Amino acid sequence: MALTDEQKAEMAEAAAQRTPTARPVSAGLEAMLAQAIPILDHGFVRVVDYMGDDAAVVQAARVSYGRGTKAANEDRGLIRYLMRHRHSTPFEMCEIKYHIKLPIFVARQWIRHRTANVNEYSARYSVLDKEFYIPAPAQLAAQSAVNRQGRGDVLEGEEAAHVLRLLRDDAGRNYDHYIEMLNEDETGATLSAERSGLARELARMNLTLNTYTQWYWKTDLHNLLHFLSLRADAHAQYEIRVYAEAMIDTVKAWVPHCYEAFRDYRMGAVTLSAQMLSVVKRLLAGEAVEQPASGLSKREWRELMETLGRE
């Protein structure tokens, strides 16, 4: 993970500042502020700022003046009720802002979640760093034969080595051509006084998608949990899942009761269709149910049997 000198200075200054505040704070998340969590080979996630805590969710649900009840177990119970019954607006009262460094192809997948405020590093105004995501050998997998969005067996031997060489060589060559077209180095210094250089907004088109970018990403707790339920799932692409897993750690420190409810009612739960629930009831009644007479498609049946541990 590479941080610029400016970012290191900014983080050190933020860590040194302890401004008294009258607003509620989360002790767990306070300890993580200004700390960068390393992700992949050059990426990171760090919490820049936040608003609210578990008590803020309870306060919004009760529309009260206080910070919840005197009994912590009552606050926990209410949060679990809200999560269980999908009462989402109280969770929108908490917000969090992250600074994230990630490969461009991950950012393009991430931006599909349109429920956040995003400000990305602009290659129209600045020169991108010479940093590329190169997968670890364990992540070099072939296309899955049964899942168009998934990976199959890991590549091995010379084939894996060849792929890694292509990734490094292509990214390095394209970046060198990017700098050549700009006619300036990463600091903005002119390389040759005899050339004008191409505009930054045009030269950037030559960069490979594994080039790293950065952004500030701010969202509320409800939409953050929705993002995490999809991107921290075992079926999510590895390169975005590792970011989501790091962000889960920040949620756990920030709003532990909300995290516990999210873990139990979202991450660790399943949703059954009306037909699936009917099949479960028939099975519990001792009926021998088979797929053709279940009212489920073959795929739905397989998913239900996997959920019930009857593969």
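These numbers come from the heavy atoms of this one structure, side chains and all, not from hydrogens, waters or symmetry mates. Please read all numbers here as calculations on a predicted model, not as lab measurements.
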Donor-acceptor side-chain pairing of H257 and R76 below 3.5 angstrom: no
How would you list, by chain and number, every residue that makes a side-chain contact (heavy atoms from CB on, under 4.5 Å) with S126, sequence neighbours excluded? Y121
Where do V118 and W110 land on the side chain to side chain contact (heavy atoms under 4.5 Å, CB included) test, with the steps shown first? CA-CA 11 Å; V118 186; W110 193 314; over 6 Å; no
Quick one: are R46 and I37 in side-chain contact, heavy atoms under 4.5 Å? no
So does L128 get a backbone contact from the side chain of Y178, meaning a donor-acceptor N/O pair under 3.5 Å? yes
Keeping to residues at least two apart or across chains, list the side chain to side chain donor-acceptor pair (under 3.5 Å) pairs with something in residues 156-169. E158-R165
Establish, for the pair R84 and F262, whether the NZ or CZ atom is under 6.0 angstrom from the six-membered ring centre and no further than 45 degrees off its axis. no
Donor-acceptor contact below 3.5 Å, side chain D53 vs main chain S26: no
Among residues at least two apart in sequence or on other chains, which ones pass side-chain hydrogen bond (donor to acceptor under 3.5 Å, both in side chains) with T213? E120
Treating Ile, Leu, Val, Met, Phe, Trp and Tyr as nodes and any side-chain heavy-atom pair under 4.5 angstrom as an edge, say whether F44 and V48 lie in one connected cluster. no
Between Q109 and V106 (side chain of the first, backbone of the second, donor and acceptor by atom type, cut-off under 3.5 Å), is there such a pair? no
Would E131 and K101 pass as an ion pair if we require N to O under 4.0 Å? yes
When you group the ILVMFWY residues by side-chain heavy-atom contacts below 4.5 Å and let the links chain together, are Y265 and L224 in the same group? yes
Does the distance from a Lys or Arg side-chain N to an Asp or Glu carboxylate O, for E245 and R231, drop under 4.0 Å? no
With a 3.5 Å distance limit and no angle check, can you tell me whether R108 reaches the backbone of F105 through a side-chain donor-acceptor pair? no
Taking every heavy atom of L167 against every heavy atom of P135, the minimum-distance pair comes out as CD1-CD, 3.6 Å
Is the backbone N or O of R124 less than 3.5 Å from a side-chain atom of S122, with the two atoms forming a donor-acceptor pair by type? yes
Residues R241 and D233 bridged, charged N to O under 4.0 Å: no
4.5 Å side-chain heavy-atom contact, M32 and W254: no
Could you verify whether a donor N or O on one side chain and an acceptor N or O on the other, from E180 and Y175, lie under 3.5 Å apart? no
Locate the shortest heavy-atom distance separating W215 from A107; write the atom from each residue and the value. CH2-O, 3.4 Å
N206 side-chain N/O to H177 backbone N/O, donor-acceptor pair under 3.5 Å: no
Hey, does the side chain of T211 reach the backbone of L207 with a donor-acceptor pair shorter than 3.5 angstrom? no
Are any of the side-chain nitrogens in E184 or R200 under 4.0 Å away from the carboxylate oxygens of its partner? yes
Look at the side-chain heavy atoms of Ile, Leu, Val, Met, Phe, Trp and Tyr, link any pair under 4.5 Å apart, and say whether Y50 and Y216 land in one connected group. no
What is the ring orientation for Y212 with Y133, classed by angle as parallel under 30°, tilted 30 to 60°, or perpendicular over 60°? perpendicular
S273 (side chain) donor-acceptor with M276 (main chain) under 3.5 angstrom: yes
Run the salt-bridge test on D176 and R173 with the 4.0 Å N-O cut-off and return the result as yes or no. no
Mark yes or no for whether D220, through its side chain, and E95, through its backbone, hold a donor-acceptor pair below 3.5 Å. no
Using 0.5 Å steps for rounding, measure from the CG atom of D54 to the CD atom of E260. 9.5 Å
